[in-house]
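Input: a single structure, listed below in C-alpha cells.
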Protein chains: 2
Amino acid sequence: MSKPTPSQSEEALKLQEARDEFVAQWGTMGSAWGVNRTMAQIHALLMITTRPLSTDDIMEDLRISRGNAHMNLRELVGWGLVRSVIRKGERKEFFEAEKDVWKMFCIIIRERKRREIQPAIAVLKGCIERVNALKSDEAEAFSTQTKALCKFMETADSVLSRVARSEESTVLPWALNYLAR
Amino acid sequence: MSKPTPSQSEEALKLQEARDEFVAQWGTMGSAWGVNRTMAQIHALLMITTRPLSTDDIMEDLRISRGNAHMNLRELVGWGLVRSVIRKGERKEFFEAEKDVWKMFCIIIRERKRREIQPAIAVLKGCIERVNALKSDEAEAFSTQTKALCKFMETADSVLSRVARSEESTVLPWALNYLAR
DNA sequence: AACAACTTTCAGTATTTCCTGAAAGTTCTG
DNA sequence: CAGAACTTTCAGGAAATACTGAAAGTTGTT
C-alpha cells in the first residue's frame, strides 16, 4: 500500500542525490585534468543551479570552510567561468556560472593556452636556443626533438586560437557536430 | 687568453643543462595536466635520448628510487608512450619513447578519451537517467544542463576519435598546419 | 640445486597540495 | 564614529599523493 505517486520530498531527495553525484564526479574529473577538486565542485554546483549562490550557500552545500570557498570562487572568477552578481539593497556577493557549454569550452581553451601552452613554448625555445651552437650527435638529437615539440605546440596554439574565438561560439557547435557526424 | 673554441666538456655541460631544464619543465607541465611529475620527467628523458635506457640509467639521471622508476615506466608503457626493448644476450630491460610528436599526440588523445571522457559520459548519463521522471523546475534545469554537457562530451569524443585515428598521423600534421595557417 | 641477474611489490615515510578557522581588513549604515 | 555585515588573508594542520628501500619474486645459468 505505498502511495501511488512519489511525495514531493521523495522527489527532492532523488534530485539532491543526482546533483550530489554530479558535483562529486565533476570534482574527480577536475583532478584528472589538473584542476583542484573543490574548484571543480564549486563550478559544478553553480552550473546546475539557476539562482546565483552566496559564499555561505556554497559552504553549506559542499561542507567546506569559508576560506576554501572564497579562494576557489576567486579562482573561478579569474578563469572567467563564474561571475559575481550583486543585488540591489544586499551587501552580500552572489555567484553564477557561465552555463553555455560552448562558451565554457572556449574560455577553458583560452585560459589553458595562456597559462600552460604559451609558457611551455617559451621554455622550449629557450632550450633550443641554448644548444644551437653545439654540434655533437646528442646535441643534434636533442635539438631535433625539441624543435618538433615546439612546432607542434605552436600549431596547437594556433589551431586552438581559431577554435576558441568567442564570436564563433555559435558556429563552433555546428562545425564540430558536423565533424563528429 | 681563453681557449678560442669551447672544450668538449664545456659543450657537454651546456647540453646537459638544457636537457635537465627540458626534463624539469616537462615535469611541471605534466602536473598542470594531471600527470604525475616523475612520470612526465621519465617521458621527457626518454624523448630526448636516442639509445634505449635501462631502469638504472633513469634512476641515476633523475635521482629517483628503483621502485619509483619502475612504477612510472610501467605506467608509461601502459599508456603506449614508451616501449620496452630487449637486447639479445642481455637480461636487462631497456626503454625507449615514441618520438614522433603526432603519434604521441594521437596516443594521448586516445588514452584520455578512454580513461576520462568516456567514463565521464557514462556518469552523466546515469545522472540524467535518475532525474528523468522528476518534473520540478529545479529538476528541469539540472536535466537541461547535464544533457548539454553530455552532448558536448559526446561530440568531443567523436571529433577526437577522428583526429586521433592512427592511420591519419601523416595527414593530421598537414591538415592542422593548414588550419593554423 | 644453488646462485646470479634482474623485476616487482608494498609498508612506511616524505612531500606536496589543499583546507580550516580565526583574525584582520573593508565597506556600509545609523 | 561605532558597530554591523561582509570579504580577505594566511599560519598551521589535515589529507592526498608520491617516493623509498628492502624484501620477495622471477628467470636464467652453471
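Scope of the values below: all heavy atoms of this structure, side chains included, with no hydrogens, waters or symmetry mates. Sequence lines set the chain letters: A, B, ... in the order given, protein chains first and strands last, and positions in each chain run from 1.
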Could you list all N or O pairs between the protein and nucleotides 7-11 of chain D that sit under 3.5 Å apart?
from	atom 1	to	atom 2	distance (Å)
D:dT7	OP1	A:Glu93	N	2.9
D:dT8	OP2	A:His70	ND1	3.1
D:dT8	OP2	A:His70	NE2	3.3
D:dT8	OP2	A:Arg74	NE	3.0
D:dT8	OP2	A:Arg74	NH2	2.8
D:dT8	O5'	A:His70	NE2	3.4

In this structure, how many angstroms lie between the [atom2] atom of [N] and the [atom1] atom of [X], rounded?
{"X": "B:Ile86", "N": "C:dC6", "atom1": "CD1", "atom2": "P", "answer": "14 Å"}
{"X": "B:Leu62", "N": "D:dA18", "atom1": "CG", "atom2": "P", "answer": "16 Å"}
{"X": "B:Glu90", "N": "D:dT29", "atom1": "CD", "atom2": "C1'", "answer": "16 Å"}
{"X": "A:Ile64", "N": "C:dT17", "atom1": "CD1", "atom2": "P", "answer": "20 Å"}
{"X": "A:Lys88", "N": "C:dT29", "atom1": "NZ", "atom2": "C1'", "answer": "20 Å"}
{"X": "A:Asp57", "N": "D:dC6", "atom1": "CG", "atom2": "P", "answer": "12 Å"}

Within-4.5 Å side-chain heavy-atom neighbours: A:Leu124 and A:Phe152: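 The answer is no, as the side chains (C-beta and beyond) never meet within the 4.5 Å cut-off.
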Pairwise salt bridge (Lys or Arg N to Asp or Glu O under 4.0 Å) hits with a residue in residues 13-35 of chain B, at least two apart: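 Residue pairs passing salt bridge (Lys or Arg N to Asp or Glu O under 4.0 Å), neighbours aside: A:Arg130-B:Glu17, A:Arg130-B:Glu21, A:Glu138-B:Arg19.
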According to salt bridge (charged side-chain N to carboxylate O under 4.0 Å, His left out), who are the partners of [X], at least two apart in sequence or on a separate chain?
{"X": "A:Arg115", "answer": "A:Glu111"}
{"X": "B:Asp57", "answer": "B:Arg51"}
{"X": "B:Arg74", "answer": "B:Glu93"}
{"X": "A:Glu75", "answer": "none"}

DNA chain C contacts made by residues 19-41 of chain A, counting heavy atoms under 4.0 Å: A:Asn36, A:Thr38
Pairing residues for B:Lys125 by the side chain to side chain contact (heavy atoms under 4.5 Å, CB included) criterion, not counting sequence neighbours: B:Ile121, B:Cys150, B:Glu154
For A:Phe95, ring pair (Phe, Tyr, Trp, His ring centres under 6.0 Å) partners two or more places apart: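 Ring pair (Phe, Tyr, Trp, His ring centres under 6.0 Å) list for A:Phe95, sorted by chain: empty.
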